[in-house]
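Only one structure is covered here, and it is reproduced in the block below.
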Amino acid sequence: MEYRRLGRTNLQVSVLGVGGGYLMLLEPEQGTALYERAFDLGLNYFDGRYGDSSRKLRPVLKRDRARCVVAVKTRAESAEGAMNRVEEDLAALDTDYIDVFMLRCYTHEMLLEYTAPGGAFDGLLRAQQQGKIRFMGLANHSDPGV
């Protein structure tokens with residue numbers, strides 16, 4: 001498997017990753033088997049928290065958390081909302097930290113909302129200072145100018 005540095009982080013991620021979006025449609029044992037097979041083939045980047053996909057990923061994280069790079073996203077607007085989401089994701093994944101926590105950010109207005117005092121960015125900064133997340137980012141599917 002080929003690996004590359006993820007953005008400006010020190011994380012080395014497989015060029016292929018597994019997103020959780022469609023895994024929520026699978027039965028628990030099928031979803032876990034897919035994650036385990038991907039991990040056995042060298043994939044180490046797992047993205048998303050959709051439905052029960054986090055619970056399906058848990059066994060892989062238990063096998064070798066240090067080798068896994070886990071990314072999640074939220075649309076929480078406030079610092080409190082972002083912190084709540086971090087705690088929910090930590091519990092769902094049954095892990096002590098999340099590697100990359102992203103804010104879904106599709107417009108300039110959303111970005112301003114997140115970065116305003118008391119916005120989600122403040123919550124993620126607090127979570128990072130507490131060691132609950134390692135890196136932050138923006139997830140954008142529309143305006144590349146954001």
Side-chain angles (χ1 to χ4, degrees), residues 1-28 30-32 34-36 38-39 42-62 64-146:
M1 179 58 60
E2 183 180 339
Y3 299 88
R4 295 188 184 148
R5 189 173 105 180
L6 180 63
R8 296 180 191 163
T9 73
N10 61 347
L11 302 172
Q12 293 293 313
V13 297
S14 51
V15 294
L16 297 174
V18 179
Y22 290 104
L23 268 77
M24 69 181 179
L25 302 175
L26 299 177
E27 293 299 321
Q30 292 173 312
T32 296
L34 191 147
Y35 276 129
E36 288 177 333
F39 185 74
L43 280 72
N44 74 336
Y45 182 79
F46 303 101
D47 178 53
R49 174 193 183 236
Y50 302 94
D52 65 349
S53 63
S54 294
R55 280 183 233 103
K56 293 170 182 169
L57 179 58
R58 280 183 194 168
V60 172
L61 299 182
K62 294 296 178 199
D64 193 347
R65 177 63 181 97
R67 246 183 71 204
C68 297
V69 176
V70 178
V72 297
K73 304 173 201 68
T74 187
R75 173 64 182 93
E77 299 169 4
S78 68
E80 182 181 337
M83 282 297 294
N84 288 341
R85 182 61 188 262
V86 169
E87 294 298 338
E88 290 171 9
D89 286 335
L90 290 171
L93 291 161
D94 193 20
T95 188
D96 295 332
Y97 66 94
I98 295 167
D99 297 288
V100 182
F101 204 103
M102 293 178 271
L103 296 171
R104 294 181 184 277
C105 190
Y106 309 128
T107 67
H108 291 279
E109 292 76 21
M110 290 173 79
L111 182 59
L112 291 173
E113 194 173 87
Y114 290 150
T115 57
F121 188 70
D122 284 349
L124 294 187
L125 281 174
R126 193 171 346 134
Q128 187 179 45
Q129 292 164 351
Q130 295 171 358
K132 295 177 180 183
I133 63 174
R134 295 176 66 194
F135 300 97
M136 296 174 265
L138 298 176
N140 183 329
H141 301 289
S142 55
D143 183 356
V146 174

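Quantities reported herein were computed from a predicted structural model and do not represent experimental measurements.
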For [X] against [Y], the heavy-atom pair lying closest together:
X    : Y   : answer
F135 : N10 : CZ-OD1, 3.4 Å
I98  : V70 : CG2-O, 3.6 Å
T32  : P59 : CG2-CG, 3.6 Å
S78  : G81 : OG-N, 2.9 Å
V60  : C68 : CG1-SG, 3.7 Å
G123 : A82 : CA-CB, 4.4 Å

Measure from the side-chain N and O atoms of [X] to the backbone N and O of [Y], and report whether any donor-acceptor pair falls under 3.5 Å.
X   : Y   : result
K62 : D94 : yes
D99 : A71 : no
K56 : L26 : yes
N44 : S14 : yes
R65 : Y97 : yes
Y3  : G42 : yes
R58 : L61 : no
R85 : D89 : no

Check the surroundings of atom [atom1] in [X]: do more than 12 heavy atoms from other residues, nucleotides or ligands lie under 6.0 Å from it?
X    : atom1 : answer
F121 : CZ    : no
R4   : CZ    : no
Q130 : CD    : yes
D64  : CG    : yes

Would you give the length of the straight line joining atom [atom1] of [X] to atom [atom2] of [Y], rounded to the nearest 0.5 angstrom?
X    : Y    : atom1 : atom2 : value
E80  : D122 : CD    : CG    : 13.0 Å
R55  : L93  : CZ    : CG    : 10.0 Å
R126 : Q129 : CZ    : CD    : 8.5 Å
I133 : M102 : CD1   : CE    : 11.0 Å
R104 : K73  : CZ    : NZ    : 5.5 Å
M1   : F39  : CE    : CZ    : 12.0 Å

* Passes side chain to side chain contact (heavy atoms under 4.5 Å, CB included), L103 versus M136? Steps please. -> CA-CA 8 Å; L103 296 171; M136 296 174 265; over 6 Å; no

* Go through the steps to decide whether R134 and Q128 satisfy the test side chain to side chain contact (heavy atoms under 4.5 Å, CB included), and finish with yes or no. => CA-CA 6 Å; R134 295 176 66 194; Q128 187 179 45; 6.0 Å; no

* Asked: Could you walk me through whether E87 and L90 pass the side chain to side chain contact (heavy atoms under 4.5 Å, CB included) check?
  -> CA-CA 5 Å; E87 294 298 338; L90 290 171; 4.2 Å; yes

* Under 30°, 30 to 60°, or over 60°: which ring-plane class applies to Y35 and F46, parallel, tilted or perpendicular? -> perpendicular

* **Test: R75 cationic atom under 6.0 Å from Y106 six-membered ring centre, within 45° of axis** => no

* Asked: Less than 4.5 Å apart, any side-chain heavy atom of T9 and any of V69?
  ->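 When only atoms from C-beta onward are counted, V69 and T9 do not touch, as no gap falls below 4.5 Å.
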
